Amino acid sequence: KAWSVEDTPYPRKTRRLPTILSQEEVARLIDAARPPLHRTLLMTLYATGLRRAELARLRVSDIDSQRMVIHVRGGKGRKDRDVLLSPRLLDELRQHWRRLQRKPSVWLFPSRHGRSSDRPITPKGIYHACKEAARRAAFQKVVYPHTLRHCFATHLLEAGADLRTIQVLLGHGDL
């Protein structure tokens, strides 16, 4: 007897479309973020399409304001890539830097635990910043940090960017 799908011992996992926020909802989420660090984290996620682990491991040296790019080291699959750095995000990152009482030598977003700046913020800290902002913004939709990555890609597509460019920005394959 030939094998068929019905012979699989378990059901296939259902794949749901991701939650997408409108640009207005993204702005509401970012505006609801407290303290300013959380606003900067969410703004960076949305403006770059980074994964939260990539954001957590950003180094001060990864910000290239001359070329207006952020260098992402060792993303998923241990791949490096450059993502766009908008003038508005650069301004926000500079404000973040000025707010830091102890200037870190390595990490752009240092951990505040133990008053040590030699370790980066945790991806879980970014998750909590997003969930708290979504709660403050009174969203009915379930919002995760990865939601902002989906919004980044969707809004670029809606603005006319081609699919291949978006894939490269997200780190899905090389050109």
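Because the structure is predicted, anything quoted here is derived from the model rather than measured. Along the sequence shown, the residues carry numbers beginning at 1.
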Tell me the closest heavy-atom pair linking [X] and [Y], and the distance in Å.
| X | Y | value |
| --- | --- | --- |
| His38 | Ala129 | CG-CB, 3.5 Å |
| Ala47 | Leu89 | CB-CD2, 3.9 Å |
| Ala56 | Pro120 | O-CB, 3.1 Å |
| Ser61 | Arg73 | OG-NH2, 3.3 Å |
| Thr19 | Thr147 | O-CG2, 3.4 Å |

Practice problem: Among Asp64, Val69, Val168, find the residue that satisfies the side chain to side chain contact (heavy atoms under 4.5 Å, CB included) test when tested with Asp82. | Solution: Val69
Under 3.5 Å, is there a donor-acceptor pair between the side chain of [X] and the main chain of [Y]?
| X | Y | value |
| --- | --- | --- |
| Lys141 | Ala134 | no |
| Arg149 | Gly49 | yes |
| Thr154 | Cys151 | no |
| Asp80 | Gly74 | yes |
| Arg81 | Val72 | no |

Exercise. Walk me through it: do His96 and Leu37 pass the test side chain to side chain contact (heavy atoms under 4.5 Å, CB included)?
Key: CA-CA 7 Å; His96 161 70; Leu37 168 64; 3.6 Å; yes
When you group the ILVMFWY residues by side-chain heavy-atom contacts below 4.5 Å and let the links chain together, are [Y] and [X] in the same group?
| X | Y | value |
| --- | --- | --- |
| Ile121 | Tyr144 | no |
| Ile20 | Val142 | no |
| Tyr127 | Leu42 | no |
| Leu90 | Leu108 | yes |
| Ile126 | Ile63 | yes |

Quiz item: Say you draw a straight line from SG of Cys130 to CG of Leu29; how long is it, rounded to the nearest 0.5 Å?
Solution: 5.5 Å
Quiz item: Which value, rounded to the nearest 0.5 Å, describes the distance between His150 atom NE2 and Leu170 atom CG?
Solution: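 So the gap between those two atoms works out to 9.5 Å.
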Practice problem: Let me see the working for Leu50 and Leu58 under side chain to side chain contact (heavy atoms under 4.5 Å, CB included), right down to the final yes or no. | Solution: CA-CA 10 Å; Leu50 293 178; Leu58 277 183; 3.9 Å; yes
Do the charged groups of [X] and [Y] touch, with an N to O distance under 4.0 Å?
| X | Y | value |
| --- | --- | --- |
| Glu54 | Lys79 | no |
| Arg34 | Glu132 | no |
| Arg57 | Asp62 | no |
| Glu25 | Arg28 | no |

Quiz item: Cation-pi between Arg59 and Trp107: NZ/CZ under 6.0 Å from ring centre and within 45° of the ring axis?
Solution: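 Yes - Arg59 lies over the ring of Trp107, closer than 6.0 Å to its centre and within 45° of its axis.
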Quiz prompt | Verdict with reasoning, Arg94 to Ser65, per side chain to side chain contact (heavy atoms under 4.5 Å, CB included) | solution = CA-CA 11 Å; Arg94 285 180 170 155; Ser65 58; 3.8 Å; yes
Quiz prompt | Donor-acceptor pair between Arg164 and Gln167 side chains, under 3.5 angstrom | solution =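 Indeed, the side chains of Arg164 and Gln167 share at least one donor-acceptor pair under 3.5 Å.
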Quiz item: Can you find a side-chain donor-acceptor pair between Thr40 and Arg99 that sits under 3.5 Å?
Solution: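 Yes, side-chain donor-acceptor contact under 3.5 Å.
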Quiz prompt | Stepwise side chain to side chain contact (heavy atoms under 4.5 Å, CB included) test for Phe152 and Thr48 | solution = CA-CA 7 Å; Phe152 165 79; Thr48 60; 5.6 Å; no
Quiz item: Taking the inter-plane angle between the rings of Tyr46 and His155 on a 0 to 90° scale, is it parallel (under 30°), tilted (30 to 60°) or perpendicular (over 60°)?
Solution: perpendicular
Practice problem: Please check if atom NZ in Lys131 has more than 12 non-hydrogen atoms from other residues, nucleotides or ligands closer than 6.0 Å. | Solution: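 Yes, NZ of Lys131 has more than 12 neighbouring heavy atoms, counting only those of other groups under 6.0 Å.
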